[in-house]
There are 2 protein chains.
Amino acid sequence: MSTRNLGRLLPILDWFPAYSRPAFASDAMAGLIVAIMLVPQGMAYALLAGLPPEVGLYASIVPLVFYGLLGSSRALAVGPVAIVSLMVASTLGEIAETGSAGYLAGAVLLAFLSGAILLGMGLARLGFLVNFLSHPVISGFSSAAALVIGFSQLKHLIGFDIPRSHLITEIIAHAAIHIDHINLATFMIALASFAILLSFRSLISPVLRSIGIGAATSDAIAKAGPLVAVLVTTIVVWQFALDQHSSVRIVADIPAGLPPLTIPNFDLALIEKLLPAAVLIALVGFLESVSVAKSLASKRRQKIDANQELIALGAANIGASVTGGYPVTGGFSRSLVNFTAGAVTPMASIITAGLIGLTVVLLTPLLYFLPKATLAAIIIIAVANLIDLKTLRHAWVYNKADAASLIVTFLAVLTLGIEMGIVFGAALSIALYLWRTSRPHMAEVGRVGQTEHFRNVLRHEVQTDPRVLMVRVDESLYFANTAFLEGQLLTRVADRPEIDHLVLIMSAVNFIDASAIETLETLAERLHDAGVTLHFAEVKGPVMDRLERIEFEKALGEGEVFLSSHEAMRELSKTSVSEAA
Amino acid sequence: MSTRNLGRLLPILDWFPAYSRPAFASDAMAGLIVAIMLVPQGMAYALLAGLPPEVGLYASIVPLVFYGLLGSSRALAVGPVAIVSLMVASTLGEIAETGSAGYLAGAVLLAFLSGAILLGMGLARLGFLVNFLSHPVISGFSSAAALVIGFSQLKHLIGFDIPRSHLITEIIAHAAIHIDHINLATFMIALASFAILLSFRSLISPVLRSIGIGAATSDAIAKAGPLVAVLVTTIVVWQFALDQHSSVRIVADIPAGLPPLTIPNFDLALIEKLLPAAVLIALVGFLESVSVAKSLASKRRQKIDANQELIALGAANIGASVTGGYPVTGGFSRSLVNFTAGAVTPMASIITAGLIGLTVVLLTPLLYFLPKATLAAIIIIAVANLIDLKTLRHAWVYNKADAASLIVTFLAVLTLGIEMGIVFGAALSIALYLWRTSRPHMAEVGRVGQTEHFRNVLRHEVQTDPRVLMVRVDESLYFANTAFLEGQLLTRVADRPEIDHLVLIMSAVNFIDASAIETLETLAERLHDAGVTLHFAEVKGPVMDRLERIEFEKALGEGEVFLSSHEAMRELSKTSVSEAA
């Protein structure tokens, strides 16, 4: 195997040999900043997934190392992310009680299954499959998922339990009815966390810059918002013993030490139950990851290999499943932080993993008094970015069908749940595409002045011959649109008895499938019976090659295939005139 | 409501006012011939559906009248058909024992549900949906269904039970292992029936003509094959008491009298179970019916209104459900007989219905000794026509993807069963279409000689400018192919550093969806960063209109939209040269 091929399979071979001290310094800084961000985020997302907080930390160690060795992106930061965590929660909520051993085992198995699916797809080179989710569907899905995630955290902000539901209205109704159960201390901690997070996000960096601190340092400090919120609220709870006096819920004991080795439970019945969700988790995770990896790579003219990404994310998830973790993927905001903080190679991720490893070994006692309300606030601020109105506005102006698929996906996620919602959205965007191509645009054309150009008679002033109907079909011909085409053409011919010739201009026809061929043959016959000859013009090379294979001209009878519309008009006008004479 | 609109809803108003004696004579002859054909066929198909023979006769009375009043086809002969009967058997086989009251009630409910679905689709004008089944899928489905139907009758030919299975191999294996159980008398009757049916089909008509009998009369007599087979074998069984001495299975008691009034059992759980099958039965039935109606109508320049057909078939099925019948549709061979026998209006069907009504009232005792083996032979000869190798040969030569979808549908029906098979086939043909459009053909083009024509550089000898890359994209741009397009274009540009301008020729691009717009905007940015300007040429009117709505030219920056490839080449070559100078 050549070095180049080996480098594609193990991208670390591409960068490690030339690895330098400055690169390491840059990677180390980025790795540290991401680790500071990831400790609270990892715990928060685990909470969102219904898992103990340490699971989020375990999922932030080995998976990062595996991705670092195999991934084709230099700046992707892998780990727990919000949408995948929500999908895990909604899947496992149906098979086990939150907090039970079965729930935890389910998470490990989900990580293994989605890892295996990603790996399999990568080896089968199925990376293209993700293209079948359109941008509007992804946008509608993300916005709705952000709302579902946000409202799932409401119980942590107000400090009393709300039955799990994917219906936001039910959550709000329950919260509103029992609002007298609110835990005020918890609610105040949540408000304080929001204040800290929001001020770090939009105020700190400009203030620091205005007092003369460098832009890079200011931005780096601004990323520490979650850490500061965690520190401040943890200290407050500890100092005032709010967990005991005011029943503020805290993270409490996190087992110290490295992640345990876990073996997924290969129970066939359980696998069968989890498999559909694992497929969706794998696809959605891959989609999020590859979008962010692509956008970061293009900023530095690097390339992302979608199939290699599948393999790397597959390995990362299998890594998560054997070290007590749960499904992971490349996260959007964290990768952006990694990139802007200066990560130049996957070494940054490996450093992050090392620091998280140190945290679980040494620092977990410090997190004992961390209130869950703070983690909930961190989640809500993180997912607020996912709510995307710009794509909707854009699609609304450009193409209502795209806007409709966005809105329908959004509503489907909110009403049918997150898995059914995305399946529904994907099916809808494919259906809309098929619907559009099943009713192709057809234009009757005529000659522009004395030129050889032929244009739509409705848009341009053109010359036509009443005995020659020239129609341009603006779509490839395939099974779903041939009946429509046939009906339209027969109606036009039936409406104008003076027509002797029908010329189909095929400049926009890129393909004709077997069903369409059959229809064209029948059409030629029916037109012939009605005294009209069917001709073709401007047939493309690849299309003509296929037509010749089946001796299509025989089916045309007296009909011809003209090179250009001009030639067709010249020849047929002549004949018509002489016939009429 | 105008008379014309009323005539569309009740097509009988179109033809009845002008109905004449000669038309009646012609219709009466056709009605008689179809009735002679329908009595044995109706019983045989009921047998195939696992129902008592009289159910097939009941389904041949009221449904025909309802279709006659509402249908837009003048020659369609509605009634039990083979494929629908098989689908009924495979659906009901899972919910009840053959011959039980539940089985019969299920058949009535299936007729009602598919009737309601057809009616609903007609009112919602969803007739176009049927276009999404491609010809190769239909061909593969029909051929496989014919085999499944044929082998399901094997037990009647050899006279011993074979456990129901949709796997032909299992049926053959069971028959082979227990071949010593064969009932020789039954088998001889089957062979005799085949001999009679085949000789009527291909020998009788030429022989009659050669002795001077008119062509029309000869052909009409040839259609009586099934009736003759029924008469001969019934008399033989009766004369030699083969039902008692040799255990030949016979139709036995058929209740005399008009069809009973039945009320479908609206049990919600049962409806939920039968609904998916009812949808498929409705779609497949509609497909068969509308194809034959269309092909007959075009022979006489009449028109079929797909949505009116849905309404008429819906009413026919609901009619079947309240008169002890089971799902019906327009049958292929029977309609062809009706048409060639001279049916000019739906009065022919109404006459057929009247004759079948007389049969159930008066003639059922004559059918007591009719052997089931004869009915099985009638089914097998009828479905043999469905096996279609021509479409496969044609598709194989023309387009391997179409041939593949035919073969896969064929195999899916044989292995997964008839319902899953057709769903699988339909999904596959859509997937193949999406796959093809997701990897569009792109051609680098150059100028042909000194003309204004631009053609593929690989197919023609053309002039190009190394600094200007002109690429024609042969597909509409939508979510599934934008990533491919972007990757291809970036690779081409990366491979040739001398390129300053990239011109996308959009003559074959009929639509750009919102996802593709986003990709084009990103592409323009990335190319700009790489020192390449993105231009467009030959953008179609409707596409340009949409681009203008979102001020797309802003995203293009210095890029332009040229009217023609020629203009683009002229302008850009100039710039490049002057820049280079």
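Quick caveat: nothing in here was measured; it's all calculated off a predicted structure.
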Exercise for review: Side chain from CB out, backbone as N, CA, C, O: work out which of these in B:Phe552 comes under 4.5 Å of a heavy atom of chain A, or both, or neither.
Suggested key: neither
Exercise for review: Show your reasoning for whether side-chain contact (heavy atoms from CB on, under 4.5 Å) applies to B:Phe479 and A:Ile138.
Suggested key: CA-CA 11 Å; B:Phe479 60 87; A:Ile138 295 167; over 6 Å; no
Review point. If you count heavy-atom pairs under 4.5 Å with chain A, which of B:Ala395, B:Pro136, B:Ser429, B:Ser476 comes out on top?
Key: B:Ser429
Check your understanding: Given a strict heavy-atom distance threshold of 4.5 Å, which part of A:Thr482 is in contact with chain B: side chain, backbone, both, or neither?
Key -> neither
For residues 536-551 of chain B, tabulate all N or O donor-acceptor pairs below 3.5 Å that involve a side-chain atom, not counting sequence neighbours.
| unit_1 | atom_1 | unit_2 | atom_2 | d |
| --- | --- | --- | --- | --- |
| B:Glu538 | OE2 | B:Ser565 | N | 3.2 |
| B:Glu538 | OE2 | B:Ser565 | OG | 2.5 |
| B:Lys540 | NZ | A:Asp474 | OD1 | 3.0 |
| B:Lys540 | NZ | B:Ser507 | O | 3.3 |
| B:Lys540 | NZ | B:Asn510 | OD1 | 2.6 |
| B:Asp545 | OD2 | A:Arg459 | NH2 | 2.8 |
| B:Arg546 | NH1 | A:Tyr398 | O | 2.7 |
| B:Arg546 | NH1 | A:Asn399 | OD1 | 3.4 |
| B:Arg549 | NH1 | A:Val397 | O | 3.1 |
| B:Arg549 | NH1 | A:Tyr398 | O | 3.2 |
| B:Glu551 | OE1 | B:Lys554 | NZ | 3.0 |

**Study point:** Proximity breakdown for B:Ser438 and chain A, heavy-atom pairs closer than 4.5 Å
**Key:** side chain
Point to revise | Residue A:Lys400 excluded, over 12 heavy atoms near NZ under 6.0 Å | key: yes
Check your understanding: Can you tell which of B:Ile430, B:Thr391, B:Asn456 has the highest number of heavy-atom pairs within less than 4.5 Å of chain A?
Key -> B:Ile430
Practice item. Tell me, for B:Ser405 versus chain A, whether the close heavy atoms (under 4.5 Å) come from the side chain, the backbone, both or neither. Key: neither
Review point. Is it the side chain or the backbone of A:Glu475 that comes within 4.5 Å of chain B heavy atoms, both, or neither?
Key: both
Check your understanding: Pick from B:Glu518, B:His394, B:Arg436, B:His441: which one has the most heavy-atom pairs with chain A under 4.5 Å?
Key -> B:Arg436
Revision key, fill the gap. Under 4.5 Å to a heavy atom of chain A? For B:Arg455 that would be neither
Check your understanding: Donor-acceptor pair, B:Asn131 side chain versus A:Ala483 backbone, under 3.5 Å?
Key -> no
Review point. Between B:Leu490, B:Leu129, B:Asn481, B:Ile512, which has the largest tally of heavy atom pairs under 4.5 Å with chain A?
Key: B:Ile512
Check your understanding: Considering residues at least two apart in sequence or located in another chain, which fulfil the salt bridge (Lys or Arg N to Asp or Glu O under 4.0 Å) criterion with B:Glu444?
Key -> B:Arg496
Check your understanding: Under 30°, 30 to 60°, or over 60°: which ring-plane class applies to B:Tyr478 and A:Tyr433, parallel, tilted or perpendicular?
Key -> parallel
Check your understanding: Does the pair A:His135 and B:Asp513 meet the rule for a side-chain contact (heavy atoms from CB on, under 4.5 Å), with working shown?
Key -> CA-CA 10 Å; A:His135 289 223; B:Asp513 79 352; over 6 Å; no
